[in-house]
Amino acid sequence: MPAVIVLGAQWGDEGKGKATDQLGADVDYVVKFNGGNNAGHTVVIDGEKYALHLLPSGILSPGVTPVIGNGVVVDLEVLFDEITHLEARGIDCSRLRISADAHVIPSYNRTLDRVTERFLGARQIGTTGRGIGPTYADKMNRVGIRIQDLFDASILAQKVEGALEQKNHLLVKIFNRRAVDPAAVTEELLKYAERVRPMVVDASALLNDALDAGKTVLFEAGQATMLDVDHGTYPYVTSSSATAGGACTGSGVGPTRIDRVVGVAKAYTTRVGEGPFPTELLDEVGDGLRAKGGEFGTTTGRPRRCGWHDAVVTRYATRVNGLTDLVLTKLDVLTGYERIPICVAYDVDGVRMDEMPMDETSFHHAKPIYEEMPGWTEDITGARTFEELPKAAQDYVLRIEELGRCRVSAIGVGPGREATISRFPLL
């Protein structure tokens with residue numbers, strides 16, 4: 001049985017949660033392998049909207065075991081608030097499992113995230129201020145707090161004190177803030193220990209045993225390719241590996257066990273936060289896409305920047321992830337446009353570039369080279385086969401498939417779980 005990775009092929013918010021949820025009935029485990037509560041997924045089931053921030057989308061599918069992998073950073077307060085809200089709506093969260101090696105977001109990292117971002121001024125990255133970056137930095141600096149540390153009060157106290165030894169100097173002397181009391185932080189974290197204990201597992205062993213037993217495992221990325229810390233639009237990126245390779249390092253499952261890599265892309269393009277965005281529409285057309293698409297962040301509520309589909313980005317995502325399939329979402333949002341541009345290349349200071357520029361400066365200077373496709377006016381939200389789409393919509397999908405160098409296996413034509421056209425099986 002397959003191991004399948006589902007990830008974002010643009011700058012995030014492409015509809016990964018819906019794609020994962022649709023596959024949920026056919027999988028046994030859904031693993032979140034990177035990120036934290038800095039990005040959310042919205043899933044609509046029978047008209048009910050569920051906003052997930054930290055929990056894997058598989059939490060909504062009965063019979064699926066959702067797993068938070070070692071590559072995730074966990075805000076325990078957010079975790080249990082999210083569980084409480086879902087349980088109040090009748091969702092069973094008892095199946096949730098969390099890697100003992102996942103790192104915890106302590107309160108002092110949320111503080112550092114916010115004050116550091118303000119300190120940067122015009123050079124702000126556009127973080128969510130939820131402590132994600134500082135926690136990943138602690139992980140790499142080997143002063144992080146892991147889930148397993150909650151079960152040894154003495155070790156936890158030592159680790160918190162060690163982490164704050166330098167951070168308190170930074171808070172007091174650079175940011176003019178009060179020092180953080182290590183004992184208070186330790187006490188705050190310990191209060192979650194017994195509640196989280198039943199969920200904690202060796203996730204690598206759990207998932208590899210499941211694959212050995214013929215189970216299907218789906219790996220769900222947070223953020224997206226263009227926000228990957230290595231392969232994204234650095235430095236305007238997240239702090240973790242949001243590309244396919246991150247599924248392996250963030251779960252403890254080796255690359256030879258992966259069968260499919262599914263990229264999710266909108267029929268247009270959006271991004272949140274700072275950084276270059278060649279196809280961004282700073283006019284009423286962009287405002288219209290935002291309004292029609294409901295382009296506001298699931299976690300932050302921030303309005304998303306909107307632009308036409310960037311096939312250079314899609315092609316790049318195919319390459320760095322080894323995509324086997326594309327899921328194209330929100331095609332219905334483009335209904336009503338007489339002509340629909342697709343960015344097929346960039347103009348960088350008079351030079352045409354068909355692939356992503358190698359350096360940050362060139363990407364900042366990139367101007368889109370567009371190819372226009374005929375639009376359509378027919379309502380496509382009821383279409384359930386590719387042939388039911390208007391000819392212009394079919395041609396648009398096929399052109400994105402050609403430019404992206406990856407087959408479009410599924411097409412979203414509305415927000416609901418059922419509003420999807422399946423062209424090729426994803427499992």
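These numbers come from a predicted model, not from an experiment.
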Check whether any side-chain N or O of [X] sits under 3.5 Å from a backbone N or O of [Y] as a donor-acceptor pair, and report yes or no.
X: Tyr234; Y: Asp228; value: no
X: Arg146; Y: Asn70; value: no
X: Thr243; Y: Asn321; value: no

Query raised in the report: Can you find a side-chain donor-acceptor pair between Trp376 and Thr335 that sits under 3.5 Å?
Result: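 Judged by distance alone, the side chains do pair up.
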
Query - Check: Asn109/Tyr136 side-chain N/O donor and acceptor closer than 3.5 Å - result: no

Taking the side chain as every heavy atom from C-beta outward, state whether [X] and [Y] have any atom pair closer than 4.5 Å.
X: Met358; Y: Met353; answer: no
X: Leu403; Y: Thr314; answer: no
X: Val253; Y: Asn208; answer: yes
X: Leu211; Y: Tyr29; answer: no
X: Glu82; Y: Leu52; answer: yes
X: Pro276; Y: Tyr236; answer: yes
X: Arg399; Y: His309; answer: no
X: Ser99; Y: Ile147; answer: no

Query raised in the report: Would Arg304 and Asp13 count as a salt bridge (Lys or Arg N to Asp or Glu O under 4.0 Å) if you check the C-alpha gap in whole Å, the side-chain angles of each, and the deciding distance to 0.1 Å?
Result: CA-CA 9 Å; Arg304 296 172 186 145; Asp13 310 306; 3.3 Å; yes

Does [atom1] belonging to [X] count more than 12 external heavy atoms closer than 6.0 Å?
X: Glu371; atom1: CD; answer: yes
X: Glu388; atom1: CD; answer: yes
X: His85; atom1: NE2; answer: no
X: Glu355; atom1: CD; answer: yes
X: Glu187; atom1: CD; answer: no
X: Arg89; atom1: CZ; answer: yes

Query raised in the report: Do you know the tightest heavy-atom contact between Tyr346 and Pro368?
Result: CD2-CA, 4.4 Å

Query raised in the report: Do you know which two heavy atoms are closest between Leu150 and Leu190, and how far apart they sit?
Result: O-CD2, 3.5 Å

Query raised in the report: What do the steps show when you test Arg114 against Thr111 for side chain to side chain contact (heavy atoms under 4.5 Å, CB included), and what is the final call?
Result: CA-CA 5 Å; Arg114 291 190 293 268; Thr111 301; 4.0 Å; yes

Requested in this report: Just do the salt bridge (Lys or Arg N to Asp or Glu O under 4.0 Å) check on Asp101 and Lys139 with the steps written out, would you?
Outcome: CA-CA 11 Å; Asp101 295 333; Lys139 178 178 180 176; over 6 Å; no

Report task. Check each of Lys266, Glu280, Arg271, Glu295 against Cys306 using the side chain to side chain contact (heavy atoms under 4.5 Å, CB included) test, and report the only one that passes. Result ->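 Only match with Cys306 under side chain to side chain contact (heavy atoms under 4.5 Å, CB included): Glu295.
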
Requested in this report: Specify whether Phe277 and Trp11 have parallel, tilted or perpendicular ring planes, treating 30° as the upper limit for parallel and 60° as the lower limit for perpendicular.
Outcome: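 It falls in the tilted class, 30° to 60°.
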
Report task. Check step by step if side chain to side chain contact (heavy atoms under 4.5 Å, CB included) holds for Val327 and Val6. Result -> CA-CA 9 Å; Val327 173; Val6 176; over 6 Å; no

